[in-house]
Amino acid sequence: MAGPEGIPRAVEILLAGGLVAFPTETVYGLGADASNHEALARLYHVKGRPRAHPVIVHLRSAQDLDAWARDVPAGALALARAFWPGPLTLVLQRADRVPEAVTGGHDTIALRVPAHALARELLEAFAAAKGTGAPAGLAAPSANRYGKVSPTAAAHVVADLGAEVDLVLDGGPCEIGIASTILDLSGKAPVILRPGKLASADIERVLGRPLESAGEAPPPAPGTHPAHYAPRAKLKLASRREIIEALVTNRGRRIAVLALEVPVSRLASGLGIVIPAIAAQYARALYANLRVLDAAGADIILVETPPRTAAWTAVHDRLQRAAAR
Ligand code: TXA
Ligand code: MG
C-alpha cells in the first residue's frame, strides 16, 4: 500500500502492464492501461469477470473524450461540464481505435472523470508519462471479485485481491460508497443504466429533457445483472416487525441486522449495526457494514427496508441486487 508518494511507482507499473488499485470518490477501482491488451486480459482474469462485460475507462479530463468516443452529443459535453470530475459515467459511441477488450465487443464505451484527488493525480501522471498524442485512459472496474461487495477502503482491496494487485494506493475511505451513475447517451434517448448518487433529476436539469426510464427491459449491461454486489451471508430486506419476529423466533441461525436508527441490534446477540436513515451516510457505509456483518459470521443479514424516496434510489438498487443472489 502507498499514499501519494506511490504515484511514480504506480505509473511505472501501469506502463509495464501491471494492475494498480486506486481510490475514487465512489469506490476503489482496479486500474489497468486501457490501451494495453495484456494488461486488460490480466484485469479480467484477476477480477474474474466475463470478457463480454465492458469496463469503465477513467480519463483525466473531458478534453480526452475524443480519443475514446466519436459523435459525442452536445448533451454529453454539457453533462461533463456540469458533473466532471464526479460520480457520472457516460456511455458513448466508441472511437475506432479503442481495443475490443475494453468494450467487451460492444460499439459503445463507458467513460468517466473521477474526482478523488489521488485518482486525478494518478491520471495526470499516467497521461504525462504516456506523452502527447498517446491516449491515456485507465480501465478500472470496482476492485472486488466479480459479483461481490465493492471495496470502499484500501484494506478491502487488499483483503479481496491481495497479492494479485501490484500496488494499492490508499486514499482513505470513499466519500460516496456506491459506484457512479451510468447514463447511456449512445442511443436515441438518454437512459440511466445504473442509478448512483447523482440523481436523474440533476441530469434532466442539465439535458433540459426528461430521461427515459430503463423500464422493464433495461439493456443487458453487467453490474445491472440482478444478482450483484453480494455479501457471503444471505441478505434479505425486511420491515422492522419482520426483523423483530425473526430475532424472537430464531433457532440457531446467526442473524445479523442492519437497522435504521432504533437499536433493534441489541436483540441481535451482538450482530447488529444501526445506521441513521440519511441516504448519503447510509450509502457511504453500506459495503463496509456488510463486510463487518459477513466477517462476524452471520448466516443471514436482515436489512431494514430504507425509505422509498428518490434519495434512496441507488441504495435500493444495490440492496435488491445483493438480495437477489
Ligand atoms: O464508480 C464507478 O463507476 C466505479 C469506480 C471505480 O469508478 N467503477 C465501476 O466499474 O463501478 P465496474 O466495472 O464495476 O462497472 C462498470 C459498469 C458495468 O457494470 C456496465 O454496466 C457499465 O459499467 N458499462 C461499461 N461499459 C459499458 C458499455 N459500453 N455499455 C453499457 N454499459 C457499460
Ligand atoms: Mg463492480
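Side chains are part of it too, since the values below use all heavy atoms of this structure and drop only hydrogens, waters and symmetry mates. Indexing begins at 1, ligand by ligand and atom by atom, following the structure's order.
With a heavy-atom cut-off of 4.0 Å, Ile182 touches ligand 1 through its side chain alone. The part of Arg112 lying near ligand 1 is the side chain, judged by heavy-atom distances below 4.0 Å. At a 4.0 Å heavy-atom cut-off, ligand 1 does not touch Gln93 at all.
Atom numbering of ligand 1 starts at 1 in the shown order; those under 4.0 Å from a heavy atom of Thr26 are 1 (O), 2 (C), 4 (C), 5 (C). Short contacts between ligand 1 and Arg194, defined as distances under 4.0 Å to a heavy atom of the residue, involve ligand atoms 2 (C), 3 (O), 9 (C), 11 (O), 15 (O), 17 (C). Heavy-atom contacts of Pro141 reach the following atoms of ligand 1: 10 (O), 12 (P), 13 (O), 14 (O) (cutoff under 4.0 Å). Numbered from 1 in the order shown, with element, the atoms of ligand 1 that lie under 4.0 Å from a heavy atom of Thr108 read 28 (C), 29 (N), 30 (N). Here is the list of ligand 1 atoms found below 4.0 Å of a heavy atom in Ile109: 29 (N). Short contacts between ligand 1 and Gly29, defined as distances under 4.0 Å to a heavy atom of the residue, involve ligand atoms 6 (C). Heavy-atom contacts of Leu193 reach the following atoms of ligand 1: 31 (C), 32 (N) (cutoff under 4.0 Å).
Ion pairing of Glu100 with Arg94 is present here, as a side-chain N (NZ or NE/NH1/NH2) and a carboxylate O approach within less than 4.0 Å.
Every N/O-N/O distance between Thr103 and ligand 1 stays at or above 3.5 Å. The distance criterion of under 3.5 Å between nitrogen or oxygen atoms is met by His58 with respect to ligand 1. At least one N or O atom of Ser180 sits closer than 3.5 Å to an N or O atom of ligand 1. Between Lys47 and ligand 1, a contact under 3.5 Å exists for no N or O pair.
Leu92 is connected to Val113 through a chain of hydrophobic side-chain contacts under 4.5 Å among Ile, Leu, Val, Met, Phe, Trp and Tyr, so both are in one cluster. Transitive grouping of hydrophobic side chains (ILVMFWY, heavy atoms separated by less than 4.5 Å) keeps Val102 and Phe22 in distinct clusters.
Considering every non-hydrogen atom in both Gln93 and Ser186, the closest pair reads NE2-O, 3.0 Å. Minimum interatomic distance between Ala10 and Val20 (heavy atoms only, all atoms of both residues): O-CG2, 3.6 Å. Across Ala283 and Val315, no two heavy atoms sit closer than the pair CB-CG2, 3.9 Å.
Considering Arg145, Lys47, Arg42 in turn, Arg145 is the only one that fulfils the side-chain hydrogen bond (donor to acceptor under 3.5 Å, both in side chains) rule with Glu164. Of the options Lys234, Lys148, Arg232, Arg254, a salt bridge (charged side-chain N to carboxylate O under 4.0 Å, His left out) to Asp294 is made by Arg232 and by none of the others.
Looking at Ser180 and Thr89, their side chains do bring a donor and an acceptor atom within 3.5 Å of each other. The closest side-chain donor-acceptor pair between Ser150 and Arg318, if any, does not fall under 3.5 angstrom.
Ligand 1 has Ala140 within reach: a non-hydrogen atom of the residue lies less than 4.0 Å from it. Using a 4.0 Å heavy-atom cutoff, His53 is absent from the residues neighbouring ligand 1. Under a 4.0 Å heavy-atom criterion, Val91 is in contact with ligand 1.
Among residues two or more places apart in sequence or in another chain, the side chain to side chain contact (heavy atoms under 4.5 Å, CB included) test is passed with Asn289 by Leu258, Ile273, Ile275, Ala285.
When distances to the Mg ion (ligand 2) are checked against a cut-off of 2.8 Å, Tyr146 contributes no N, O or S atom below that limit.
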